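The structure appears below as structure tokens.
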Amino acid sequence: MSAAVLAAAPPRPAHRDPQVLRWLGAYTASTVGDSVYYLALSWAAVSSGSPAQAGLVMAVSAVPRALLLLFGGVIADRLGPRRVVLASDTARCLMTLGLAAVLLATSPGLWLLAAAALVFGAVDAVFLPAVGALPPRIAARDQLARVQGLRGLAYRMGSVLGAPLGGLAVATGGPASAFGAAGALFALSLPLLRALRLRPLPAEEKLPAGEKGEKADGPVLRDLADGLRHLRGHRVLGPLMITILLADLGFVGPLNVGLALLAEQRGWGAPGIGWLLAGFGAGAGAASLLLAVRGRLPRAGATLGWTMILGAAAVAALAFAPRLPVAVAVAVAVGLLAGVSGALCHALVQTECDPAYLGRVSAVSSLGSLGLAPLGMPLTGAAAGLWGTGPVFVAGAAVCALSGAFALTVPSLRRAELPR
């Protein structure tokens with residue numbers, strides 16, 4: 001079928017598009033595999049060393065991810081997102097199956113687990129930008145917001161299914177069994193990714209067939225600088241990156257460290273943390289479902305700003321919830337509002353960015369939550385020890401509110417719309 005006929009045909013809704021469903025299946029398998037892998041790694045580390053050593057092993061993967069994420073975006077744009085995701089899942093499959101084989105044969109030291117975590121973090125640094133750059137190559141522009149909603153649902157499903165699946169694998173055959181299950185899930189994504197047919201970028205449609213493909217020459221730093229210039233000069237993406245960074249800095253610490261401290265101080269214990277996280281996950285899942293069903297929300301930029309401000313108020317309210325049921329209800333509200341604002345951020349990145357720069361822009365948008373914000377977690381814990389959990393939640397909420405207010409005060413971002 002010719003490109004002209006394909007272009008003239010009305011696009012299918014994302015939830016009925018075989019291309020999107022293949023990508024969604026691969027992404028879900030990979031996300032569940034991630035959850036199983038991290039549970040297996042934590043169990044193996046705890047079994048081989050002290051709690052402090054296990055914590056160090058779990059934290060090691062964040063270092064290469066933070067250092068290499070921006071360069072991972074360059075690689076995704078140069079080599080093409082599908083090729084990079086395929087290579088990443090292949091590497092993770094081989095690594096986890098190799099760990100399973102080693103654990104069956106012997107008892108490895110913590111150094112091997114730490115080395116595996118380092119490699120996994122480096123692979124994540126190229127996988128994450130590539131995943132963010134794939135949707136415009138498989139779906140029509142007016143379906144990208146719906147794709148982000150489906151992606152959010154897949155991510156929540158991965159979190160919900162991965163932990164019990166990993167726990168069952170560990171209970172059945174130890175960490176080796178769990179690593180093997182993770183490897184099988186990564187392997188499951190590979191044929192689905194290979195079956196994807198990518199849409200050409202707009203700039204490629206005018207090229208002869210033999211000249212189509214991603215650019216793969218020139219200095220890496222020049223490509224990175226080009227991507228940053230594209231961001232800086234864009235009337236929506238530049239302010240949007242600042243908004244995302246501020247929201248991540250205000251949100252990640254209180255929600256990851258503060259919830260555990262809050263549950264401990266109120267005497268809710270580990271079940272209380274579980275209920276709070278379940279409430280947050282339910283709210284975020286509902287937000288993803290909303291966007292997947294509707295396909296878009298009107299006045300996306302303004303809605304983004306206001307949901308961030310309301311979400312900040314809900315974060316602050318968590319510190320003053322007197323009982324667990326009230327705190328869970330507030331956590332649902334936090335998840336819903338944060339889910340809407342997060343999905344709109346991702347959808348605007350997808351629809352506003354030139355696809356040729358999307359790997360690099362996705363890397364920048366992920367840098368806050370995956371690279372910079374986690375570095376603030378020790379500061380969050382120290383601040384809670386000095387001043388209590390309440391001020392930590394209020395301070396985080398203030399930064400989140402600032403991000404929403406910033407989005408509303410920048411006219412180009414406030415007026416941004418998702419395509420119909």
Side-chain angles (χ1 to χ4, degrees), residues 66 69-70 73-74 76-77 128-129 132-133 135-136 141-142 144-145 147-149 151-152 223-253 287 291 296-315 337-373 375-376 395-420:
L69 192 61
L70 294 180
V74 174
D77 286 335
L128 294 168
R141 188 169 180 268
D142 63 351
L144 291 177
V147 171
Q148 291 307 310
R151 180 184 176 183
D223 281 4
L224 179 57
D226 287 345
L228 295 177
R229 278 194 293 269
H230 176 69
L231 269 180
R232 186 180 61 186
H234 200 286
R235 64 186 188 89
V236 173
L237 290 177
L240 182 60
M241 292 301 111
I242 296 174
T243 300
I244 292 172
L245 177 61
L246 287 173
D248 286 339
L249 291 176
F251 187 82
V252 171
L291 197 59
R296 68 185 297 274
L297 295 177
R299 302 185 64 195
T303 302
L304 163 67
W306 283 113
T307 51
M308 282 186 171
I309 291 174
L310 293 174
V315 170
L337 292 164
V340 169
S341 61
L344 287 176
C345 284
H346 287 301
L348 285 172
V349 168
Q350 297 281 335
T351 55
E352 292 286 343
C353 184
D354 182 332
Y357 294 97
L358 193 48
R360 282 161 283 184
V361 172
S362 297
V364 173
S365 68
S366 300
L367 185 62
S369 60
L370 298 174
L372 300 179
L375 299 178
V399 178
C400 291
L402 178 62
S403 69
F406 176 79
L408 293 174
T409 57
V410 178
S412 57
L413 180 53
R414 184 180 70 248
R415 297 169 186 161
E417 292 281 4
L418 296 175
R420 295 180 181 274

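Everything quoted here is computed from the prediction, not taken from an experiment. Below, each value reflects all heavy atoms present in this structure, side chains not excepted, and no hydrogens, waters or symmetry copies.
- Taking 4.5 Å as the limit, some side-chain heavy atom of V361 sits within range of a side-chain heavy atom of M241.
- Between the OG1 atom in T303 and the CE atom in M308 there is a gap of 12.0 Å [rounded to 0.5 Å].
- Annotation: the span from E352 atom CD to L358 atom CG amounts to 12.0 Å, rounded to 0.5 Å.
- Annotation: side-chain contact (heavy atoms from CB on, under 4.5 Å) contacts of A343 (sequence neighbours excluded): L291.
- Pairs engaging residues 401-420 under the ring pair (Phe, Tyr, Trp, His ring centres under 6.0 Å) rule: none recorded [sequence neighbours left out].
- Residues passing the ring-ring contact (aromatic ring centres under 6.0 Å, His included) test with H230 are H234, Y357, sequence neighbours excluded.
- Taking the side chain as every heavy atom from C-beta outward, R360 and L231 never approach each other to under 4.5 Å.
- The OG atom of S362 sits 6.0 Å away from atom CD of Q350, with the distance rounded to the nearest 0.5 Å.
- Annotation: the span from D248 atom CG to I244 atom CD1 amounts to 7.5 Å, rounded to 0.5 Å.
- Take L70 and apply the side-chain contact (heavy atoms from CB on, under 4.5 Å) test, not counting sequence neighbours, and it matches L224, A363, V364, L367.
- In this structure, G339 and A287 approach most closely via the heavy-atom pair C-CB, 3.5 Å.
- Residue C345 comes nearest to L304 through the heavy atom pair SG-CD1, 3.3 Å, listed as atom of the first residue, atom of the second, then distance.
- Minimum interatomic distance between P239 and S412 (heavy atoms only, all atoms of both residues): CG-OG, 4.4 Å.
- A407 and G305 make their closest contact through CB-CA, 4.1 Å (heavy atoms, listed as atom of the first residue, atom of the second, distance).
- For R299, there are no side chain to side chain donor-acceptor pair (under 3.5 Å) partners at least two apart in sequence or on another chain.
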Test log, rule side chain to side chain contact (heavy atoms under 4.5 Å, CB included), inputs D77 and D223 | CA-CA 9 Å; D77 286 335; D223 281 4; over 6 Å; no

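- Interatomic distance, CD1 of I309 versus CG of L408, reported as 5.0 Å (0.5 Å rounding).
- Scanning all heavy atoms of the two residues, the minimum distance from G359 to P129 falls at O-CB, 3.4 Å.
- The line from SG of C353 to CG of L348 is 12.0 Å long, rounded to the nearest 0.5 Å.
- Take R415 and apply the side-chain contact (heavy atoms from CB on, under 4.5 Å) test, not counting sequence neighbours, and it matches P411.
- By the 4.5 Å heavy-atom criterion applied to side chains, L144 and P136 are counted as neighbours.
- Side chain of T307 to backbone of V340: no donor-acceptor contact under 3.5 angstrom is found.
- Closest approach of P419 and D142 over heavy atoms only: CG-CA, 4.0 Å.
- Side-chain atoms of T243 and V410, non-hydrogen and from C-beta on, never get closer than 4.5 Å to each other.
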